[in-house]
Structures are given as C-alpha cells and as structure tokens.
Enquirer: 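First, the structure itself, so that you have it in front of you.
Chain identifiers are assigned alphabetically (A, B, ...) following the order of the sequence lines, protein sequences preceding nucleic acid strands; residue numbering begins at 1 within each chain.
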Amino acid sequence: MDAALLLLADSRLPAGGHAHSGGLEPAVTAGVVRDLPTLADFLRGRLATAGLVAAGLAAAACAGGRPGLDAEADARTPSPAQRHASLAQGRALLRAARAAWPHPALEELGPSHHPVVLGTVVRVAGGTPAQAAAIAAYGAVTGPASAAVRLLGLDPLGVQRVLADLAGRIDATAAEAAESVRAGVLPAASAPALDLFAELHRQADLRLFES
Amino acid sequence: MNFASRAAVAAVRAPDGRTRVTRLRSDGPLALRESGGAVYLVGAGAGPLGGDDLELTIDVGPDACLAVRSAAASLVLPGRRPGPSRLAVRARVAAGARLVFEPEPAIAAAGCDHRALAEVTLERGATLTWREEIVLGRHGERPGRYVSRFDVTYDGLPLLHHELRVDENATSAAVLGAAKAAGTVLLAGEDLTREPYAAEGLGVLPLAGPAVLVTALAEDTVRLRDRLTRGTAEARLAAGIEDPPQSPPTTRAAVSRDAGAVAGTAPDGGAGRR
Amino acid sequence: MGLDHSHDTVAAEPHRELRETKPHRALRLGIGGPVGSGKTALTAALCRLLRDELDLAVVTNDIYTTEDADFLRRNAVLDDDRIEAVRTGCCPHTAIRDDISANLDAVELLEERHGPLDLVIVESGGDNLTATFSRGLADRQIFVLDVSGGDKVPRKGGPGVTTADLLVVNKIDLAPLVGADLDVMARDAERVRGGLPIAFTSLRESPDVPEVADWVRSAVRERTPA
C-alpha cells in the first residue's frame with residue numbers, strides 16, 4: 001500500500017478521531033463491553049454493519065461519478081447523533097486532507113459524511129476504491145478499540161491481539177463493500193443497538209467521547 | 001412445492017372522497033382479504049418456505065388511504081428445496097395519499113434462509129406508517145438466516161436504506177445483543193418530532209428527510225410491540241399531535257378481482273406445507 | 001492552508017465573504033495548566049473584566065463532563081451561546097496539541113454564530129506540566145500554576161512553564177500554608193522563561209486580575225491594530 005494511504009489510515013492523522021468511540025463508550029456504560037472477549041464481540045458486529053456501510057460509501061466516493069452520496073449516507077444513518085458525529089469527523093478529515101493533499105476535488109467538496117470525504121481523499125492521494133473501503137473498515141474498529149484501552153484500562157497488547165484476530169474479517173468486509181459498489185449496490189447493514197447507544201450517549205450527563 | 005407468487009392491491013380516492021380498493025389480487029401463499037376498512041394478508045400457508053418467491057405490490061393513488069395488515073404472525077421456515085425464500089413488497093404512495101402497513105411479526109425459525117425486501121416510493125406529500133417486527137426464533141430456538149432490506153425514497157430522494165441481517169454477527173452487542181425481537185416503525189410525511197428520544201431498547205430517530213424511524217429491541221414480541229407503540233406515540237406527541245391518525249377507511253365497493261387469483265381460493269399447494 | 005478557512009461547514013458559507021474581507025480573525029488565547037490550578041476561575045475573571053469592551057467567546061475542554069462550561073454558564077459570565085464545550089476522549093492534551101480539529105471546529109462555530117469576534121479563549125482540560133497548545137490552535141497562551149504544587153515547579157520547567165506567553169502563578173494566598181517561597185518561584189520562572197512575563201495572582205481573594213487583563217488587551221490590540 002502506498003505511504004500516502006498509510007498516512008490516511010494512521011491514528012496519528014489529526015482528524016478528530018481520538019474523541020469518537022464509535023458507540024464503544026455507551027456500550028461500556030451499559031455494561032455490555034467489559035473485557036477483551038466482549039470487546040471482540042462488539043467490534044465484530046460493528047465491522048459487519050457500520051464498518052461495511054462506511055466501506056461501501058468510501059469505495060463509491062473514491063470511484064467517483066456517483067452524486068448524492070451524502071444523501072445515501074444520511075439514509076443509512078437513522079440516528080441523528082451518528083449523523084452529527086459522521087459530519088463532524090468528515091469536516092475534520094477534510095480540513096486535514098486539504099492541508100496535506102491540496103487538490104481541487106477537496107476544495108469543491110462541501111460538508112460531507114466521513115466516509116464520503118475519506119473516499120474522495122483516497123482518490124486524490126492516488127488510491128483505489130478497494131483501498132478506500134479497506135481504510136474505512138479498518139478505522140471502524142481501530143477507533144473504538146483505542147477508546148476501549150482508554151475507558152476500560154484494557155491491556156493494550158491484548159487489544160492489539162483482538163484487532164489482529166479481526167484482520168481477516170476487516171479484509172473480507174472491505175472486499176464485500178468494494179464488490180457491492182462495483183455491482184452498483186451500496187451496503188445498508190444496520191446496527192439497531194449502535195443506533196440506540198448513540199442516542200443514549202448524546203443524552204448522557206457524563207461522557208468522555210463525543211460519540 | 002415452491003411458489004412464485006405475485007399479489008397486488010391498489011386503492012384510489014373515489015369522487016365521494018372515500019377510498020376504493022380497485023385491485024385485490026391474491027396469489028398462492030399471499031392471500032388478501034378486505035375487512036373492516038383494511039386489507040389483510042391472511043396467509044394461506046405456513047408463511048415463506050425455502051424456495052418460495054413471493055411478491056406483493058401496493059399502489060395507493062393520489063389522496064387515497066390504505067391500511068394493509070396481516071391476520072397472524074408469519075413463520076419463516078426452511079424448505080425442502082435448497083435456496084432462500086424471498087418476499088418482496090413494493091409500494092407506491094402518491095401525493096396526498098396515506099399507506100399504513102402493519103403486518104404481524106415474522107418469526108425466523110431455526111434453519112430458515114429468508115430475504116425480505118421492501119421498496120417504498122413516496123411521492124411528495126405522501127404519508128406512511130410502516131411497521132416491521134422480526135422474532136429471532138421460536139421459543140428457545142436460534143434463528144436461521146434472515147435478511148430484511150428496506151429502501152424508501154421520498155420525492156425521488158433516498159429517505160431510508162436499512163438492512164437488518166440476522167446472521168452470525170447479529171448477537172454482537174453492537175447489533176442486536178441479547179434481544180430476541182427487533183422492530184422498526186417508519187413514520188413519514190406527517191408532522192413529526194425533530195427531537196431524538198432514547199430509552200432502554202427504544203429509539204425515536206428523526207431522519208435527515210421528513211420521517212422518523214422508531215426502532216426497538218426487546219426480549220419478546222409483547223415488549224417489542226409496547227416499545228414501538230410508545231415510540232410512535234412519542235414521535236407524534238412531541239410534534240404536538242394528540243390523536244394519531246386512525247387507520248383509513250375503505251369501502252367494499254368495486255373490488256376487481258383478477259381472474260384465477262380470487263381472494264380466498266388460493267391454489268392448492270398450501271396443503272402439506274408444514 | 002490557513003486556519004481562518006472554514007468553508008467546510010454549511011453554516012460557514014453565508015459568513016465567508018464577511019470574514020474574508022475582515023483583516024483579522026479573533027485572537028485565540030489558550031489557557032492551560034494542571035488540574036485545579038485555577039484555569040476556569042481565570043477564564044471567568046477575564047470574561048467578566050473584558051466582556052464589555054471586547055466581543056468574546058469561550059471554548060472549554062473537559063476531561064470528564066461539561067463541568068467547566070456549566071460553571072461559566074452558572075456564573076453568567078457570558079451568554080450560553082458564547083460557550084462551547086469540546087469532549088476530548090480522555091486525552092485533553094491531544095485535543096489542544098496533537099489533533100486540534102474539534103477545538104478548531106468549536107472556535108469556528110462561535111465565529112459563525114457571532115460574526116467577527118475579538119477574542120476566543122480556549123480553556124484546556126486540566127492536564128500535566130508538559131501539555132501546551134498547538135500554535136495551530138492558539139495565537140497566545142497562558143499557563144496557570146498554583147503554589148500548592150510546590151515552589152519547585154517553575155524550576156523543573158516543562159514546555160508549559162517555559163514557553164507560555166504568560167505564566168500565571170495562582171493561589172499565592174496559600175503560599176505560607178504550603179511553605180512555598182514566592183521569591184524562589186519568581187526567580188526560577190524568570191530564569192527558565194528567558195524574560196517572558198509572569199503574573200502572581202490570588203483569584204479567590206481578588207478576582208480582578210488587572211495585570212492579566214491588561215496583558216490580554218495588549219495581545220488583542222497587537223492582533224487588531226486600530
């Protein structure tokens with residue numbers, strides 16, 4: 001993979017990701033994620049739903065030629081809190097990407113959901129839709145995993161093992177998304193529990209992460 | 001035996017202002033009856049079996065009101081033949097028209113492999129209430145594979161694309177967790193809350209478009225229905241609507257029945273489906 | 001790309017022209033320092049002292065809750081819509097230094113909402129002595145220490161103490177109680193700071209902090225010449 005794409009997948013990327021837990025914080029609050037096995041279970045489900053949808057949107061944005069992707073993202077994100085988080089992360093990524101990879105396509109892009117910005121940036125940085133899907137699927141689990149280390153004090157080496165075990169599924173999810181987009185279909189896998197967590201989190205008095 | 005069934009219902013607004021059902025075509029396991037102001041899916045068999053390919057088309061003309069319900073829960077079973085069962089519902093709701101689609105729950109039995117597809121086209125000014133409830137297995141049973149895709153457009157723009165996959169990932173705490181029943185009610189086109197609401201197992205989610213998705217998870221169907229009902233009321237009450245719209249009246253006049261598919265005379269084949 | 005570009009929000013569009021014709025955006029003032037040193041008290045004091053002469057707003061970064069923002073609201077130092085709270089995912093230093101996007105978002109939101117501002121104060125979540133603001137976020141920064149941390153703190157240095165544009169040593173009323181020698185602190189701080197200014201305050205006893213307010217006024221003036 002090109003170094004430019006590694007930069008995009010890196011958690012160092014200053015695009016606001018550190019303040020988002022992808023629903024992990026409310027899942028911890030609810031007691032359903034407590035340790036490494038429950039974290040692995042949570043990430044597996046998140047990857048298969050939100051991860052697949054994000055990967056599909058990123059692949060489609062990278063492929064280009066499909067207007068209205070933000071409306072498609074909206075229609076796949078029933079939770080207002082999740083739409084808000086996705087737009088905020090899209091804004092932050094666009095800011096970082098405009099600085100790093102100046103390109104007219106990024107200047108033209110308006111307020112967009114995170115996967116749509118990501119796919120566009122991957123294209124600008126010379127990547128393919130399959131690579132955009134891979135970065136989106138990867139980010140869908142690494143962000144929450146890093147939040148779990150901070151929230152639960154989990155052994156970071158153990159969390160890394162969980163992620164390593166998920167690697168095959170991340171690849172498969174990205175491939176499924178890219179294939180689906182090639183066939184003209186955007187994935188729409190929903191995660192009702194994540195939707196509820198996102199809204200409960202937004203109502204909560206005490207929260208460390210934005211989402 | 002397996003079915004490729006094509007059923008249809010159409011309604012228009014008559015000059016007297018009432019809604020007339022102008023088409024009611026039953027076919028195979030998809031048997032339709034008009035009763036008490038609504039059209040009922042009466043299910044001439046056990047519900048979708050592996051290999052079944054069922055389609056229901058609903059058309060609600062300008063300013064008409066139609067309610068489609070079902071008489072009982074449908075049990076989704078594996079078939080003797082390989083391959084998934086499939087039920088597609090396609091609905092068009094014209095400007096000023098209202099569709100209420102409230103079938104009883106679908107129970108995903110062990111070993112089933114089912115694809116449910118709903119495609120709803122709402123013209124500008126249409127209203128919709130669309131309920132879907134899925135029960136994950138009969139008592140003490142793990143469900144088979146059940147994929148339900150719901151695609152809705154409003155005025156030509158995507159409103160909701162929502163696919164629930166009951167598969168090996170569904171028990172993840174991020175997806176359905178320990179719930180045994182999952183459901184949604186999509187309310188579209190009416191005056192609805194713009195404020196999200198969430199409680200245990202219930203979310204009232206204003207969409208980006210003119211609609212609210214009520215979503216619920218529960219340990220059984222009774223609690224699921226309670227939550228969906230509460231969420232629906234919440235979505236309407238918060239918008240200041242005290243009386244939710246009643247199910248629309250229809251008349252029994254002028255129902256044209258397609259030859260060979262008269263309601264109530266489902267072709268033989270329902271027998272022995274268990 | 002300059003930080004005054006914010007055309008990636010819908011709300012930004014109507015104001016874009018306005019801001020681009022304005023020669024200067026608001027001065028962004030970071031206020032950082034360890035937990036409990038008096039950052040919020042200083043922020044509240046500055047708001048009270050400056051709100052009638054400057055168009056200002058505040059961004060708070062809390063570790064845990066929106067407590068600091070709530071404190072400012074409760075004390076009615078500013079209108080609610082002039083205070084934005086940022087959540088930092090347990091990493092207050094990340095949000096002001098390594099990945100400042102959420103804070104930039106909040107600053108820009110306030111500038112959208114209120115038009116051209118003179119001053120935006122970004123108060124960091126309480127952190128350690130090494131936490132400083134990115135120059136991409138804050139034009140000027142104040143580091144707040146308190147004497148109860150011991151009079152050795154300035155000597156030990158750290159980026160906050162050594163490089164902040166203004167060092168505020170707060171709670172000097174407690175110095176006799178904790179055995180801290182203010183002269184030692186002043187001498188050590190002057191040595192490690194190479195002549196950068198230092199203010200000694202007791203925000204609890206005298207919340208009017210004229211020397212700090214004057215310093216902020218001159219920083220704003222420098223940025224926006226009359």
Side-chain angles (χ1 to χ4, degrees), chain A residues 22-24 26-28 30-34 38-53 68-84 87 140-141 144 169 173 185-204, chain B residues 117 132 134 147-179 181-186 193-209 211-218 224 227 231:
Chain A
L24 192 278
V28 167
V32 296
V33 175
R34 304 172 296 276
T38 49
L39 173 66
D41 166 81
F42 178 90
L43 295 178
R44 187 171 49 84
R46 190 173 200 284
L47 177 64
T49 52
L52 178 68
V53 172
L69 276 179
D70 280 295
E72 297 290 350
D74 277 340
R76 284 162 175 78
T77 318
S79 150
Q82 286 179 346
R83 288 198 300 277
H84 185 269
L87 286 168
V141 291
R169 284 177 186 266
T173 302
V185 180
L186 283 171
S190 67
L194 284 181
D195 293 344
L196 299 186
F197 282 143
E199 295 305 326
L200 287 169
H201 186 60
R202 196 131 175 99
Q203 292 176 2
Chain B
L117 171 73
E132 181 179 34
I134 300 171
V147 177
S148 174
R149 171 115 187 186
F150 188 24
D151 295 308
V152 188
T153 61
Y154 183 89
D155 195 21
L157 295 172
L159 183 67
L160 180 67
H161 293 295
H162 199 254
E163 183 175 88
L164 183 64
R165 295 179 172 189
V166 179
D167 60 11
E168 69 280 5
N169 296 312
T171 53
S172 163
V175 186
L176 299 177
T184 55
V185 175
L186 177 66
T193 183
R194 295 308 298 164
E195 280 300 310
Y197 167 85
E200 196 197 345
L202 171 64
V204 178
L205 313 173
L207 303 184
V212 169
L213 185 72
V214 178
T215 183
L217 297 173
L224 181 73
R227 284 176 180 169

Enquirer: Which heavy atom in A:Ala75 sits nearest to a heavy atom in B:Pro158, and how many Å separate them?
Expert: CB-CB, 3.9 Å
Enquirer: So what's closer than 4.5 Å to chain B heavy atoms on A:Glu72: side chain, backbone, both or neither?
Expert: both
Enquirer: Please give me the minimum heavy-atom distance between B:His162 and A:Ser190, naming the atom from each residue.
Expert: NE2-CB, 3.3 Å
Enquirer: Within the structure provided, determine whether B:Thr215 and A:Leu196 are in side-chain contact (heavy-atom separation under 4.5 Å).
Expert: yes
Enquirer: Check each atom of A:Ala27 against the heavy atoms of chain B and say whether the ones under 4.5 Å are side chain, backbone, both or neither.
Expert: neither
Enquirer: Find the distance between CG (B:Leu202) and CD (A:Glu199) and round it off to the nearest 0.5 Å.
Expert: 11.0 Å
Enquirer: How close do B:Leu207 and A:Arg83 get, heavy atom to heavy atom, and via which atoms?
Expert: C-NH2, 3.3 Å
Enquirer: Go through B:Val204, B:Leu176, B:Leu205 and name the one with the most non-hydrogen pairs under 4.5 angstrom from chain A.
Expert: B:Leu205
Enquirer: Where does B:Ala173 contact chain A at under 4.5 Å (heavy atoms): side chain, backbone, both or neither?
Expert: both
Enquirer: For chain B, find which of A:Ala71, A:Ala198, A:Pro192 contributes the most heavy-atom pairs closer than 4.5 angstrom.
Expert: A:Pro192
Enquirer: Between B:Glu200, B:Arg165, B:Glu163, which has the largest tally of heavy atom pairs under 4.5 Å with chain A?
Expert: B:Glu163
Enquirer: With rounding to the nearest 0.5 angstrom, report the CZ to CG distance, A:Arg76 to B:Asp151.
Expert: 7.5 Å
Enquirer: Is B:Ala199 in contact with chain A via its backbone, its side chain, both, or neither, using a 4.5 Å heavy-atom distance?
Expert: backbone
Enquirer: What part of B:Leu159 is in contact with chain A, defined as an atom under 4.5 angstrom from a non-hydrogen atom: side chain, backbone, both or neither?
Expert: backbone
Enquirer: Highest number of heavy-atom pairs under 4.5 Å with chain B: which of A:Asp74, A:Leu194, A:Leu24?
Expert: A:Leu194
Enquirer: Between B:Ala179, B:Ala178, B:Ala208, B:Gly203, which residue shows the highest count of heavy-atom pairs closer than 4.5 Å to chain A?
Expert: B:Ala208
Enquirer: Atom OG in B:Ser172, atom CG in A:Leu47: separation rounded to 0.5 Å?
Expert: 10.0 Å
Enquirer: Nearest heavy-atom pair of B:Ala198 and A:Gln203: which atoms, and what distance?
Expert: N-NE2, 2.9 Å
Enquirer: As an exercise: rank A:Pro78, A:Ala48, A:Gly45, A:Gly23 by heavy-atom pairs under 4.5 Å with chain B and give me the winner.
Expert: A:Pro78
Enquirer: Tell me, side chain or backbone of A:Leu52 under 4.5 Å from chain B's heavy atoms, or both, or neither?
Expert: side chain
Enquirer: Could you grab the distance from atom CG of B:Asn169 to atom CZ of A:Arg169, nearest 0.5 Å is fine?
Expert: 5.5 Å
Enquirer: Between B:Ala182, B:Gly177, B:Pro196, which shows the greatest number of heavy-atom pairs under 4.5 Å with chain A?
Expert: B:Pro196
Enquirer: Please look at A:Phe42 and chain B and tell me whether the side chain, the backbone, both or neither of the residue comes under 4.5 angstrom of a heavy atom of that chain.
Expert: both
Enquirer: If I measure from the heavy atoms of chain B, does A:Leu43 come under 4.5 Å with its side chain, its backbone, both, or neither?
Expert: neither
Enquirer: Among A:Ala191, A:Gly22, A:Ala188, which residue has the highest count of heavy-atom pairs closer than 4.5 Å to chain B?
Expert: A:Ala188
